[in-house]
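The structure appears below as structure tokens.
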Amino acid sequence: DAVEHLVEGEGCFLQSGISYDKKSGDVINKVTLEYALDGRAGEPRRVITLTPDPDPLNPAEWATDHSRVSAARYGTHAVTLSSPYVWEDKTAALICELYVVFHGFVWRVLVVAVDRMRSWVQPGMVVTYTNEDLYLDSQPCIVTSWEMDDGGAILGLTICEDPVRDRRST
């Protein structure tokens with residue numbers, strides 16, 4: 001749930017154009033996780049891979065809509081992670097899936113100035129942002145930065161989108 005609703009022109013004013021949090025080559029949509037570390041051998045007992053193009057004969061590989069959509073947009077980009085603390089298969093799978101959700105897309109970011117009535121909003125909070133010129137209508141955003149200003153605060157916002165589920169996301 002959003003803690004504040006920001007509307008362009010109503011105590012909220014766009015300070016930047018839309019930019020992006022990373023380059024398309026920096027996305028990750030294929031994640032291999034090595035886990036269940038064997039204490040004696042120092043090697044992982046289990047390895048799983050979330051990939052946009054799984055091998056149907058390999059039960060340790062699977063795909064999600066997020067990995068497929070990301071790969072279709074940006075190509076396949078991989079990372080291998082390891083954890084000595086993960087032992088459960090479901091936990092390992094969730095780590096891979098969330099990694100792709102958060103790192104598999106290029107997120108849009110913008111900066112707004114807000115008046116004193118809205119300057120209490122802090123990084124990590126969810127707000128909605130409406131700007132007719134940008135075709136954003138109550139778009140959920142995460143506040144990623146906050147700086148005090150003479151008339152209120154300057155907020156950095158990351159636009160929350162789910163390209164798999166959103167009807168309109170760019």
Requested in this report: Kindly state each residue pair satisfying side-chain hydrogen bond (donor to acceptor under 3.5 Å, both in side chains) with at least one member in residues 145-156, sequence neighbours excluded.
Outcome: none
As an exercise, state the distance from [atom1] of [X] to [atom2] of [Y], rounded to the nearest 0.5 Å.
X	Y	atom1	atom2	answer
Leu37	Arg45	CG	CZ	8.5 Å
Leu33	Glu97	CG	CD	11.5 Å
Met125	Leu157	CE	CG	13.0 Å
Cys141	Trp107	SG	CH2	12.0 Å
Thr64	Leu50	OG1	CG	4.5 Å
Cys96	Ile28	SG	CD1	12.0 Å

For [X] and [Y], which I'm curious about, is there any donor-acceptor pair between the side chains at under 3.5 Å?
X	Y	answer
Tyr129	Asn131	yes
Asp162	His66	yes
Thr49	Thr32	yes

Query raised in the report: Heavy atoms, side chains only, cut-off 4.5 Å: are Val31 and Val100 in contact?
Result: yes
**Report entry** Side-chain touch Val126/Asp1, heavy atoms, less than 4.5 angstrom
**Finding:**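 No, every pair of side-chain atoms sits at 4.5 Å or beyond.
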Query raised in the report: Do other residues, nucleotides or ligands put more than 12 heavy atoms under 6.0 Å from the CD atom of Glu88?
Result: no
Report task. Can you establish whether the number of heavy atoms outside Met148 located under 6.0 Å from its atom CE is more than 12? Result ->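 More than 12 heavy atoms, drawn from other residues, nucleotides or ligands, come within 6.0 Å of this atom.
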Does the [X] side chain pair with the main chain of [Y], one donor and one acceptor, at a distance under 3.5 Å?
X	Y	answer
Ser119	Ala153	no
Glu8	Leu14	yes
Glu61	Asp55	yes
Thr51	Pro54	no
Ser70	Ser67	no
Asp115	Arg118	yes
Glu132	Thr130	no

Report task. State plainly whether one hydrophobic cluster holds both Val79 and Ile95, where clusters connect Ile, Leu, Val, Met, Phe, Trp and Tyr through side-chain heavy atoms under 4.5 angstrom apart. Result -> yes
Query - With sequence neighbours excluded, residues passing side chain to side chain contact (heavy atoms under 4.5 Å, CB included) with Val69 - result: Arg73, Phe105, Pro163, Val164
Report task. With sequence neighbours left out, write down each residue that passes salt bridge (Lys or Arg N to Asp or Glu O under 4.0 Å) with Asp89, or none if nothing qualifies. Result -> Arg46
